[in-house]
Every structure is written in C-alpha cells, then in structure tokens.
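Notes follow the structure.
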Amino acid sequence: MRIGIPAETRADEKRVATVPEIVEKLIKLGFSVAVESGAGDAANFSDEAYRTAGADIVKGASHLWAESDIVFKVTVPTSAEVDLMREGGILIGFIWPAQNPELMQQLAAKRVTVLAIDALPRQLSRAQKMDALTSQAGVAGYRAVIEAANAFGRFFNGQITAAGKVPPAKVFIAGAGVAGLAAIGTAAALGAIVRANDTRAEVADQVKSLGGEFVKVEYEEEGGGGGGYAKVMSDGFQQAQREMYARQAREVDIIITTALIPGKPAPRLITAEMVRSMKPGSVIVDMAAERGGNCELTEPGQVVVKHGVTIVGYTDLNSRLARQSSTLYATNLFRLAEELCKTKDGNINVNMEDDAIRGLTVIKDGEITWPAPALKLPAAKPAAAKPVAAPAAHGKGGAPASAGKTAVLFGAVALLFLLIGAFAPAAFLGHFTVFVLACFVGYMVVWNVTPALHTPLMSVTNAISSIIAIGALVQIAPPLAEGLDRPDGWIRWLAVAGIALTAVNMFGGFAVTRRMLSMFRK
C-alpha cells in the first residue's frame, strides 16, 4: 500500500506528518511512501532528503491524495482535501470528531476509514508509544517557557554581578498535565522559582520531582477525570482556586496556563482584575488560546500588552519547533503503522477487536464508529488477605511455649551473673558493671540517632565512630585527679590510631553525603 504525505494547508502550520528517517522505517514495513513536493520545507526537511530516504516526490496535492491508499496528516483536513481523497482510502491524523461533526459526515460519504490519533485510548499502557497528544503537548510546554523568556525583560535565574544582584524570576504554571510538567522542568532548568497547581492532587509529587513547588487549593475535592484529563470542578472549588490564582498573580513574574478539557471551551482562570494586579513587565503565556484562552484578556494568535502585562496567545507553539514536533509525531504514526501492519507486508489490518485500534477508528469503511465503547479495563486486584496467625502452642502449664523459652533464657543469664559475682574479683565486678551499662547506653544512643544529615546506615556508623572517638580521647587525656593511673604507652597509641580511623570514617561520611546532595542540585 502507498502512504501519502501532503503539505499542510493551514497558514500557521509548519509541521509535516513524517520525516526522512521514518520514511526508511515505513519502507521496511512494506509500504511505499509519496511526499508532496515542499511538504517538509517549513520543518527543514528538503525534498532531496525524502528522496534519499526512498520516498517518491509528487508535485501537486491532487495527485498525491488521489494516488495514496493511506494518507498521514497533521491538522484536520479541509473540505477541499476530503474531496481529493480516493474512495475507500484510509486517513490517519488529528480529526477531533466531537468538534467536527460535518467533517465526519463528509468523510463517511467518501466511504473511507479514518483513524483519529486524538481519539487514542490513553488509559492503555501499550498505547503510549502512539500517543501524539502527549508528545505534542511536551513540545508545546517547552516552547511556552521559551516564549515567556523571550517576552520577559530579565534573567530567569538569579545572578550576583558587579553591577548588582538579580533576583530569580518567579513562574506560576496553572495545570500540571503533560504540557505543564514540561513547562515546569524547562523553567526550573533555566533557574526560575517555579510554582504549579493542578486539580489532581496525585501530580504534586511529579511537580516536586521536577524542581517545582505544588500550590494546593484550600478545598478538598478530587479532580481526576477520564483518559488522563482533569474534570470540571465544583463551584466551591473554582472559587477557592480563583482566590489562590489571585494571590499568585500578585507575587509572580510569569504565568503559564495549560488548562483545557477536550471538546469544551477553555476554563477562565485568569481574570482581568488579576492581570491588573500583576507587576509591570510580567508575562502570561496562554496555551489554551486556541479554545478561547484561560486568560480573560487573551487574543488568540496574538501577543498583546494590557495593563503593563504581555499576554502571549500563540496557537502554533508546536509549529515554532516544527522539526522536533514533526519528528515526534512521525514516530507516533510509525508505531501505529507497526500495530496495523504486524505482517510487515505493506498491508493494513484495522482490527476492531484491538482496544487501541478500536478507540482510534472513528469511521470504518464509511460507517461512523465514534465514539468507541467504554474500555473494559481489568478490575484492580483485591489486597491479599493476611493469613491468620496460628495459635501458639501451649505447654503443660497452659502458658505459650515462647514464654517458657524466655524464662529459661533469663534464668541462664541470672545464673551467669550469680557465678560471676561469687567467684570474680571485686575490681572485675566494677569494670563489668560499667561494661554492661555502657553497652546498653551505647545501643540506645546509636539506634536513636536521627538520619538528618546522612542516610540511616551512615548515621549509625558515624554515631559508633563518635563513641569510639570519645573513649579514645579519654585514654589519651591526662588523669583528672591525682592518684589515678595513666594508661600504658601502647594503650595511648592504640587510642590515637582509633581516633585517626574514626575521623576518616566521620569526615568521609560527610564528604560522601555532600557528593550525593550535589547530584540533585541544579
């Protein structure tokens, strides 16, 4: 079968549906590939690069659409492009069936099969390799921070120079989905102080792991929705969230908003009043601008300055990194092609019994099959019941057998002490008593050390070393009172050696801990 790659017709779209390195892999699967001349120019992929990879270069969209069995596309096809499709062909790309019912009817009338990459059931772990929404959101989150840095009038990281001290920028990111997490990581890597919020409490650890601070809304409500998206929250939660956003707007320099629920207008998170409260020179990057924007003053596709705040409303963040986003998107489509062509003979099998393929298929041979039935995910395994402990065996007296063993042990220890007390010299008894008490006190001291500066194991070894060092210092020091014997020379030299070894252990522990901590610093 022949895969066609047309040039994107949307004015601000620079991406292309496949790249030369993926063309080679598609050919190995048994497909032939045709690319419209100039399709990759905006993403810096020349016709010659495609030709070298094994693709045919076709001039004119009409020839490419008519001669292709399968068409890979990035953006939603236009009505004119659908008219160019051959009847019974296959279209793979972004479709957004809920937002484009008329397009769905037009495609069905052509009796084509349509796989909407945006309809992929993201709950399936094996679908992650085909998840173009995730790959493109990561690119957009990264680019949003770059646009913010471009519009911001200062460094992101703090600096101390001969000309004075520059404080680090404060960045607040509304929404910690894929795009938000990418933005958090990028802003933190640039040296900014990063804060983030999300309705899903479970992402707090992810925010912290990327170097951000999770700002919690003072309202208890679970925000997880289906398919990895957040759900629409209650009025009470939204009010508490607005109050928190208002506080952040007054404190931070940059706000990046990512909140969007597919099929619905973007929720309004940043009001005009919040914009007015921001410091002059602040920046807002609204990643939801294409769906109306999270900021009340956003103008989609434009950069505007209102109340001294620059509001970036670009709707083509992915196209501003066209080469990278095209490569990731092409990889997603290649992984899908692998699932469709497991025989590697260049023929596609749209298996409607496969949950991932069924979710992607919105039209099958002219019949609209969207929405797909709910996935039957395996039920969570119940926690294994702990086996009931068997009743302890009882001796003749009715007491547990373990109690008898304990009594025997204590009796033996008592007998040992009795024998020592009866036959040992008086001087030995004094030393022995001190030894037993020292063991008990040492045990309690060592195992109650809090591992605040080291790992637990290193804390214990340092505590033991400290006790050894104190004992050695006592041996080296002169007697505290007259009449006390000074330790022999070999004992003092043994104490000196003990101090040297324990000092190496203690200072080595601090050095190792410092090295470990430096691994996690910027």
Side-chain angles (χ1 to χ4, degrees), residues 1-29 31-47 49-51 53-78 80-82 84-86 89-96 103 107 112-120 129-137 139-140 316 318-341 346 348 360 362:
M1 300 180 78
R2 187 179 180 88
I3 297 176
I5 311 297
E8 299 297 324
T9 57
R10 204 174 84 173
D12 60 351
E13 185 57 72
K14 298 179 181 178
R15 290 173 292 176
V16 62
T18 199
V19 299
E21 64 182 272
I22 298 300
V23 167
E24 297 177 357
K25 296 179 181 180
L26 290 171
I27 292 173
K28 289 180 181 179
L29 283 179
F31 299 103
S32 62
V33 181
V35 179
E36 183 181 349
S37 180
D41 287 351
N44 294 317
F45 296 110
S46 65
D47 288 350
Y50 283 108
R51 190 178 288 109
D56 297 326
I57 304 300
V58 177
K59 293 187 177 181
S62 58
H63 289 90
L64 183 126
W65 283 88
E67 296 171 4
S68 300
D69 303 296
I70 307 162
V71 174
F72 283 0
K73 202 169 180 329
V74 180
T75 57
V76 176
T78 63
E81 287 175 321
V82 175
L84 295 175
M85 280 194 73
R86 62 188 300 177
I90 299 172
L91 174 64
I92 301 176
F94 284 104
I95 302 297
W96 304 108
L103 174 65
L107 288 166
V112 298
T113 296
V114 180
L115 280 72
I117 200 71
D118 49 272
L120 179 75
K129 61 185 179 181
M130 302 177 277
D131 190 357
L133 285 173
T134 294
S135 67
Q136 299 304 292
V139 174
D316 61 342
N318 294 105
S319 284
R320 291 171 180 266
L321 282 172
R323 188 178 181 90
Q324 181 67 77
S325 53
S326 296
T327 301
L328 294 174
Y329 183 68
T331 302
N332 295 138
L333 295 191
F334 167 68
R335 296 304 179 190
L336 173 56
E338 284 184 318
E339 292 294 316
L340 294 169
C341 183
I348 277 183
L360 285 165
V362 295

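Side chains included, hydrogens not; waters and symmetry mates left out as well; all remaining heavy atoms used. Note that the numbering runs from 1 along the sequence shown for the chain.
Residue pairs meeting the side-chain hydrogen bond (donor to acceptor under 3.5 Å, both in side chains) criterion with at least one partner in residues 61-70, sequence neighbours excluded, are Asp69-Arg86. Annotation: side-chain hydrogen bond (donor to acceptor under 3.5 Å, both in side chains) contacts involving residues 325-337, sequence neighbours excluded, comprise Ser135-Asn332, Arg335-Glu338. Judged as a salt bridge (charged side-chain N to carboxylate O under 4.0 Å, His left out), not a single pair has a partner in residues 321-332 (not counting sequence neighbours).
Between the CG atom of Leu328 and the CG atom of Asn318 there is a distance of 9.5 Å, given to the nearest 0.5 Å. The CG atom of Leu84 lies 9.5 Å from the CG atom of Leu64; values are rounded to the nearest 0.5 Å. Interatomic distance, Ile27 CD1 to Ser32 OG, rounded to the nearest 0.5 Å: 8.0 Å. Distance check, rounded to the nearest 0.5 Å: OG1 of Thr113 to CG of Leu360 gives 12.5 Å. Here OG1 of Thr18 is found 10.5 Å from CD of Glu24. Values are rounded to the nearest 0.5 Å. Atom CG of Asn44 and atom NZ of Lys14 lie 9.5 Å apart (nearest 0.5 Å).
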>> Please determine whether side-chain hydrogen bond (donor to acceptor under 3.5 Å, both in side chains) holds for the pair Asp316 and Ser319, giving the CA-CA distance in whole Å, both sets of side-chain angles, and the decisive distance to 0.1 Å.
In response: CA-CA 5 Å; Asp316 61 342; Ser319 284; 5.6 Å; no

> Val74 and Val16: side chain to side chain contact (heavy atoms under 4.5 Å, CB included), yes or no, with the steps?
Replying inline: CA-CA 7 Å; Val74 180; Val16 62; 5.7 Å; no

>> Determine whether Leu115 and Ile117 satisfy the following criterion, side chain to side chain contact (heavy atoms under 4.5 Å, CB included), listing intermediate values before the conclusion.
In response: CA-CA 6 Å; Leu115 280 72; Ile117 200 71; over 6 Å; no

> Can you list the steps and then say if Ile70 with Leu340 is a side chain to side chain contact (heavy atoms under 4.5 Å, CB included)?
Replying inline: CA-CA 12 Å; Ile70 307 162; Leu340 294 169; over 6 Å; no

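The side-chain heavy atoms of Phe94 and Leu133, taken from C-beta on, include a pair separated by under 4.5 Å. Using a 4.5 Å heavy-atom cutoff, the side chains of Leu26 and Phe72 are in contact. Within the 4.5 Å cutoff, the side chain of Trp96 has no heavy atoms near those of the Leu103 side chain. With a 4.5 Å cut-off on side-chain heavy atoms, Val71 and Glu81 do not count as touching.
With sequence neighbours excluded, no residue forms a salt bridge (Lys or Arg N to Asp or Glu O under 4.0 Å) with Lys25. Looking at residues two or more places apart in sequence or on another chain, you find no side-chain hydrogen bond (donor to acceptor under 3.5 Å, both in side chains) involving Asp41. Remark: Gln136 pairs with Arg15 by the side-chain hydrogen bond (donor to acceptor under 3.5 Å, both in side chains) rule, at least two apart or across chains. With sequence neighbours excluded, the residues satisfying side-chain hydrogen bond (donor to acceptor under 3.5 Å, both in side chains) with Ser37 are Asp47. Legend: residues meeting side chain to side chain contact (heavy atoms under 4.5 Å, CB included) with Ala55, ordered by chain and number and at least two apart, are Val23, Val33, Val35, Tyr50. Under the side chain to side chain contact (heavy atoms under 4.5 Å, CB included) criterion, Val112 pairs with Met85, Leu107, Lys110, Val114, not counting sequence neighbours. Taking Glu8 as the reference, Lys73 meet the salt bridge (Lys or Arg N to Asp or Glu O under 4.0 Å) condition, with sequence neighbours excluded. Residues satisfying the side-chain hydrogen bond (donor to acceptor under 3.5 Å, both in side chains) criterion with Glu339, sequence neighbours excluded, are Arg126, Lys129. Contacts of Ala49 classified as side chain to side chain contact (heavy atoms under 4.5 Å, CB included), with partners at least two apart in sequence or in another chain: Pro20, Ser46.
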